[in-house]
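Residues take their numbers from the sequence shown, with the count starting at 1.
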Amino acid sequence: LDRMINRGEKVVLKGYLPGEWNYHSPTIITGTRNCAISVYINGNLKYSYGEDILERRGLLGSGIHFIPLDNNDKGGTIRIELTSGDFSGFSSIGDVALTEYRDSFSEFIDDNLLFLVIGSFFILLGLFLVFIGGIFILMKLDVHGLLYLGILALCVGGWTTSYHRLAVIYGGSMSESTRMEYLCLMAGCVALLMFFRDSVMSMKNNSALKISYRILMWTEILSYSVILILDLTSVIHMTSFLLFIQLCMCVEAVYILSLMIVLIRHGRKDGKIILIAFSIFVSCAGIDVLSYAASIYWGINAYSDGRIASLGTVILVAFLICHFTLSIFTKYKDDHEKEVLYKLAYSDELTKVYNRRYCERIMDELTEKQQHYTIFSFDLNNLKKINDNMGHQYGDALISGFANILKETFTEDAVVGRMGGDEFIVLLDDKDIHSHDHSKEIKKYYEILERYNRQEESSQFSASYGYAD
C-alpha cells in the first residue's frame, strides 16, 4: 500500500492471520515510512510505534518493525492502523510478512543485501577520498574535486543505507535514519554541483553559465539550510519537502547536462565522459521516479525499490572518478609542459640559474611596485685566460662552479642569475627597507669560495663584486 496522506489522517488495514504455522516464535515484519503504526490482534493492542512522537510533532521516520506474536494468535483477526505524521508526506507500509523471530533479521538482510553492499562500498570509498583529498589540500595541491567526490560518495552510501531502512543494523532510530536520508540527498546535490565548479569557472566568455551556476548553488544551499532549520524546530519536517528537493535535482541535472554539451563544443573530451554517465544516471533515476509515482498515484505495482537508480548512481560515481583522474593527469601534464617551457625561457642552460631575461623582468616588476631591493653584481675573473689556455670545457666548469657558489651563499628567496659570459647578479628583496647590512652574505660568500678553491685543483675561483641598495 502506498498513498499520500496528510498529518493525522489514518489508513486502516484489516485481515486474518493464518490458521496454522510452524514457528516457535512467530513474528510479523513490515516497514513503514513517515507514519505511526498500531497493530491489534483480536482487538487487543499488540504493537505500537510513533504515537508519542506524533504528540510532540516529531519526525516519525522510516524503518522496520518486528512485531512478536503468540501461538494462540493463530487464525485471529489483525488490524493495522497507520497515522501520517506529515502534511503532503509520502506515508506507506511495506509488505507484511510472517516469519520466525530468529530468522527475521537475517531474512531482512538477505532481501536488502545488494543495497547493504552498495551503501557500505560508497561509505568506505567516500571516507577514503575525503581523507586523501584532505591531505592533498593540506599540501596545497589543487584537488578540491577529490574532496567533493568523496563527500558525494559518502552521501550516496548514507542515502542508500538510510532509504532502504538499513540503519537498524547500526542501531539508529527511524527518525535519525530518515533525517540522514534527506541530509545525504541534499548534501549530495550540493557536492555534485561543487564538483563541477572548476569546469564552470574555466569557461571563458560564458558569463551566463557562471551566473546561473552561482544562482543554482546559492539557491540550493539556502533552501536546504531553511529546510534543515524547519525540521529541527519541528515546524515542518524534511519529508514534506521531497517534491521541492526532487525539483532542485531535476534543475541541477538539466544544468549539468547543458554544461557538458558546452564543454564538448569547446573541445573538452571529459565532457563526453560525463555526458554519457549523467545521461545513464538520469535515465535510471527517471525510471525509478516514474515507477514510484505510478505506484503512488495510479496504484500500478511497478516500483523497483531504487535498484535501477542505485545502478545508475554506481555508474555515475565510477565515471566521475575516471573523469577526475583524467582531469588531474591532464592538468599535471599541462603544468609540467608549462614548467619545461618556463625553464627554457627563463633559465641559463649551462648553469641552471636564471637568465638575463628573467632578471630584467624581476627588476622591472620591483621598480614598478616601488619595492626596495638590493642588487649584487659579480664579474668572474680569469675566464678568458682559462678558455684560451685550458679549453672551453674548463671555462664552462668554472662558470657552473661559480653559479653553485652563489646559490649556496644566498637564500632561496634570492634571484641568482647569469647576465651573460662571466657576469652574474643576485637580487635580494629587502623586506626591511632600513636594513642595508649585507656583511653576513659577504662573509658566507668568502667562506664558500675558499672551500671550493680548496677542492679545486685545475683552477681557482675569483671574482670582483659590488652591490647597491
Distance col, row Asn387:CG vs Gln393:CD, nearest 0.5 angstrom, shows 11.0 Å

Between the CD1 atom in Ile405 and the CD1 atom in Ile448, the distance rounded to the nearest 0.5 Å is 8.0 Å

Q) Within 45° of the axis and under 6.0 Å from the centre of the six-membered ring of Tyr346, does NZ or CZ of Arg361 qualify? A) yes

field: Step-by-step side chain to side chain contact (heavy atoms under 4.5 Å, CB included) determination, Leu183 to Tyr224
entry: CA-CA 9 Å; Leu183 283 175; Tyr224 295 158; over 6 Å; no

* Asked: Would you find a donor on one side and an acceptor on the other, under 3.5 Å apart, between the side chain of Asn355 and the backbone of Tyr358?
  -> yes

Steps toward side chain to side chain contact (heavy atoms under 4.5 Å, CB included) verdict (Leu192, Ile256)
CA-CA 9 Å; Leu192 181 61; Ile256 294 176; 3.9 Å; yes

When rounded to the nearest 0.5 Å, the distance separating CE of Met238 from CD1 of Ile245 is 7.5 Å

Could you tell me whether the side chains of Glu408 and Tyr452 share a donor-acceptor contact shorter than 3.5 Å?
-> yes

Check whether any side-chain heavy atom of Leu185 lies under 4.5 Å from a side-chain heavy atom of Cys155, and answer yes or no. no

Heavy-atom nearest pair, Cys359 first then Met419, reads CB-SD, 4.0 Å

*Do Leu383 and Leu398 have side-chain heavy atoms sitting under 4.5 Å apart?*
yes

CD1 (Ile132) and CG (Leu149) are apart, to the nearest 0.5 Å, by 13.0 Å

So, the side chain of Ser400 versus the backbone of Ala397: is there a donor-acceptor pair under 3.5 Å, distance only? no

query: Within a strict 4.5 Å, meaning less than it, do heavy atoms of the Arg179 and Leu232 side chains meet?
result: yes

Smallest heavy-atom separation, Thr351 atom then Val353 atom, equals OG1-CG2, 2.9 Å

Taking every heavy atom of Ala191 against every heavy atom of Ile151, the minimum-distance pair comes out as CB-CG2, 3.9 Å

query = Hey, is the main chain of Asp379 close enough, under 3.5 Å, to the side chain of Glu423 for a donor-acceptor pair?
reply = no

*asked:* Check whether Ser106 reaches the backbone of Asp103 with its side chain - one donor and one acceptor, N or O, closer than 3.5 Å.
replied: yes

- Message: Walk me through whether Ile399 and Leu350 qualify under side chain to side chain contact (heavy atoms under 4.5 Å, CB included).
- Response: CA-CA 8 Å; Ile399 294 172; Leu350 175 62; 3.9 Å; yes

Between Ser177 and Ser173 (side chain of the first, backbone of the second, donor and acceptor by atom type, cut-off under 3.5 Å), is there such a pair? no

dist Met186:CE -> Ser225:OG (nearest 0.5 Å) comes out at 8.5 Å

The test is ring pair (Phe, Tyr, Trp, His ring centres under 6.0 Å); show your working for Phe376 and Phe410 and say whether it passes. CA-CA 11 Å; Phe376 277 82; Phe410 296 93; 5.3 Å; yes

Review point. Looking only at atom types and distance, does a side-chain atom of Tyr255 sit under 3.5 Å from a main-chain N or O of Leu209, one as donor and one as acceptor?
Key: yes

Open item on the list: Can a donor-acceptor pair be found, under 3.5 Å and without considering hydrogens, that links the side chain of Arg418 to the backbone of Gly421?
Closed with: yes

Of Phe378, Tyr465, Tyr445, Tyr467, the one forming a side chain to side chain contact (heavy atoms under 4.5 Å, CB included) with Val426 is Phe378

### Query
Side chain of His237, backbone of Gly58: donor and acceptor closer than 3.5 Å?
yes

Between Phe108 and His164 the two heavy atoms that sit nearest each other are CZ-O, 4.0 Å

Stepwise, does the salt bridge (Lys or Arg N to Asp or Glu O under 4.0 Å) test hold for Glu447 with Arg451? CA-CA 6 Å; Glu447 290 175 353; Arg451 173 163 56 84; over 6 Å; no

Between Leu166 and the options Leu113, Asn112, Ile64, the side chain to side chain contact (heavy atoms under 4.5 Å, CB included) test singles out Asn112

When every non-hydrogen atom of Ile362 is compared with those of Leu427, the smallest separation belongs to CG2-CD1, 3.9 Å

Query - Polar side-chain atom of Ser162 near backbone of Met180 as donor-acceptor pair, under 3.5 Å - result: no

Derivation and outcome, salt bridge (Lys or Arg N to Asp or Glu O under 4.0 Å), residues Lys369 and Glu365
CA-CA 6 Å; Lys369 296 177 182 177; Glu365 290 179 359; 5.1 Å; no

message: Between Arg33 (side chain only) and Tyr163 (backbone N and O only), is there a donor and an acceptor less than 3.5 Å apart?
response: yes

Distance col, row Leu59:CG vs Glu176:CD, nearest 0.5 angstrom, shows 10.5 Å

- Query: Can Asp348 and Lys352 be counted as an ion pair, charged N to O under 4.0 angstrom?
  - Reply: no

Correct closest heavy-atom pair for Tyr49 and His65 would be CD2-CE1, 3.6 Å

- Compute the centroid of each ring, for Phe136 and then for Phe131, and state whether the two points are separated by less than 6.0 Å. no

### Task
Taking the side chain as every heavy atom from C-beta outward, state whether Leu406 and Phe424 have any pair of such atoms under 4.5 Å apart.
yes

key: Audit row: Met363, Ile425, side chain to side chain contact (heavy atoms under 4.5 Å, CB included) steps and yes/no   = CA-CA 11 Å; Met363 285 188 287; Ile425 67 168; 4.2 Å; yes

query = Heavy atoms, side chains only, cut-off 4.5 Å: are Ser62 and Met174 in contact?
reply = no

Handout entry: Student check: side-chain heavy atoms of Tyr446 and Ile442 closer than 4.5 Å
Key = yes

